[in-house]
Amino acid sequence: MSGMRRVPRPSHGPVAIATSPWIVVGAGVVVMVVLLIVALGAYRGRSPAPDGARPPALPVPSAVAAPSVPTSVPSPAPVLPGISGRASGLPPSVAAGSGSPSADPTAGPIGKPTATRSPSRAASGQPAMTGRYRVVQSFDGGFIGEVAMVNTSTRSRGWTVRLQFLGGRLVTAWVEGVPQGTIRQSDDGFTYVSGVDVSPGGSVSLRFHMERASSTPRECTVDGARCSGL
């Protein structure tokens with residue numbers, strides 16, 4: 001028996017682990033499974049947002065007020081020299097049952113008959129408003145006439161032009177560049193009451209279109225005073 005050798009027993013511990021790699025692999029798998037279970041539990045523990053829930057609104061910065069820009073004021077319409085504007089419409093008329101004058105602002109260019117102005121004269125004895133008649137343009141079947149007026153008095157005043165013709169028909173009458181007055185037609189002509197006051201020394205012209213009438217009127221007066229140029 002002395003010649004027989006004892007076979008050494010295999011040692012346990014790190015040597016066994018090194019000689020058995022499947023143990024390391026198994027331990028790694030177990031660790032991964034544990035980590036996976038922990039991760040799934042944490043994910044399921046979160047409460048899902050309810051349907052239709054909206055994320056919290058972010059604060060919106062308050063609007064900055066824009067600086068006010070001064071608006072431009074339109075310049076007034078040009079006014080002819082020597083003429084001051086006055087509201088157009090019917091000339092003053094005497095109301096029924098009273099002695100006070102009244103005006104109808106809704107009336108059109110052609111209004112109802114009203115009282116004409118009485119002739120006015122300056123201190124020198126000549127008419128306060130002088131008028132000169134002329135034919136501006138003649139054509140087949142009619143003509144355009146004009147009464148040019150000058151205020152020779154020392155205060156602003158309105159005016160009334162009266163024209164009479166042998167037959168014919170008035171098409172229209174107008175004053176250019178200023179508020180229009182009131183036309184009152186008759187069988188033998190028409191009367192035009194101003195819509196503006198003429199300042200002292202100022203002038204204004206009334207033009208009109210006549211058809212089938214003589215270019216020389218039977219009568220032309222401004223505030224009752226006879227026109228020149230006839």
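We're numbering straight along the sequence, starting at 1.
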Handout entry: Atom of Asn151, atom of Val198 and distance for their closest heavy-atom approach
Key = ND2-O, 2.8 Å
Handout entry: Leu206 side, atom CG; Glu176 side, atom CD - distance, nearest 0.5 Å
Key = 10.5 Å
Exercise for the section: Determine the minimum heavy-atom distance between Gln180 and Ala173, stating which atoms define it. Expected result: OE1-O, 4.4 Å
Completion exercise
Nearest heavy-atom approach of Cys227 to Val222 is SG-CG2, 3.9 Å
Exercise for the section: For the pair Phe139 and His209, name the ring-plane relationship: parallel under 30°, tilted 30 to 60°, perpendicular over 60°. Expected result: perpendicular
Practice task
For residues Val147 and Tyr192, determine if any side-chain heavy atom of one lies less than 4.5 Å from a side-chain heavy atom of the other.
Solution key: no
Handout entry: Passing option when Phe208 is tested against Val171, Leu170, Thr172 for side chain to side chain contact (heavy atoms under 4.5 Å, CB included)
Key = Leu170
Exercise for the section: Decide whether Met210 and Val136 are clustered together by the hydrophobic rule: side chain heavy atoms of Ile, Leu, Val, Met, Phe, Trp, Tyr closer than 4.5 Å, transitively. Expected result: no
Problem - Phe165 side chain near Arg212 side chain, heavy-atom distance below 4.5 Å - result: no
Practice task
State yes or no: do Ile183 and Val178 share one hydrophobic cluster built from I, L, V, M, F, W and Y residues joined by side-chain heavy-atom distances below 4.5 Å, directly or via other members?
Solution key: yes
Problem - Leu230: partners by side chain to side chain contact (heavy atoms under 4.5 Å, CB included), with sequence neighbours left out - result: Tyr133, Pro217, Cys220, Arg226
Practice task
Answer whether the closest heavy-atom distance between the side chains of Thr152 and Pro127 falls below 4.5 Å.
Solution key: no
Handout entry: Between CZ on residue Arg184 and OG1 on residue Thr191, distance to nearest 0.5 Å
Key = 4.0 Å
Practice task
Give, for atom CG of Asp188 and atom CG of Leu166, the distance between the pair rounded to the nearest 0.5 Å.
Solution key: 9.0 Å
Exercise for the section: Might you point out which heavy atoms bring Ala213 and Gly167 nearest each other, and give the distance in Å? Expected result: CB-O, 3.8 Å
Completion exercise
When every non-hydrogen atom of Ser203 is compared with those of Val150, the smallest separation belongs to CB-CG2, 4.1 Å
Handout entry: From Leu35 atom CG to Leu40 atom CG, the distance as rounded to the nearest 0.5 Å
Key = 11.0 Å
Practice task
Give every residue pair that meets the salt bridge (Lys or Arg N to Asp or Glu O under 4.0 Å) criterion with at least one member in residues 135-151, sequence neighbours excluded.
Solution key: Arg134-Glu146, Glu146-Arg207
Problem - salt bridge (Lys or Arg N to Asp or Glu O under 4.0 Å) involving Arg169 - partner list, sequence neighbours excluded - result: Glu211
Practice task
Mind listing the closest non-hydrogen atom pair of Phe190 and Ser186 along with its distance?
Solution key: N-OG, 4.1 Å
Exercise for the section: Using the rule that two of Ile, Leu, Val, Met, Phe, Trp, Tyr join whenever any of their side-chain heavy atoms come within less than 4.5 Å, decide whether Trp174 and Trp159 are in one cluster. Expected result: no
Completion exercise
Rounded to the nearest 0.5 Å, the CD atom of Gln164 sits from the CD atom of Glu219 at a distance of 4.0 Å
Practice task
Check the pair Arg155 / Asp197 against salt bridge (charged side-chain N to carboxylate O under 4.0 Å, His left out), numbers first and verdict last.
Solution key: CA-CA 10 Å; Arg155 66 179 182 87; Asp197 288 338; over 6 Å; no
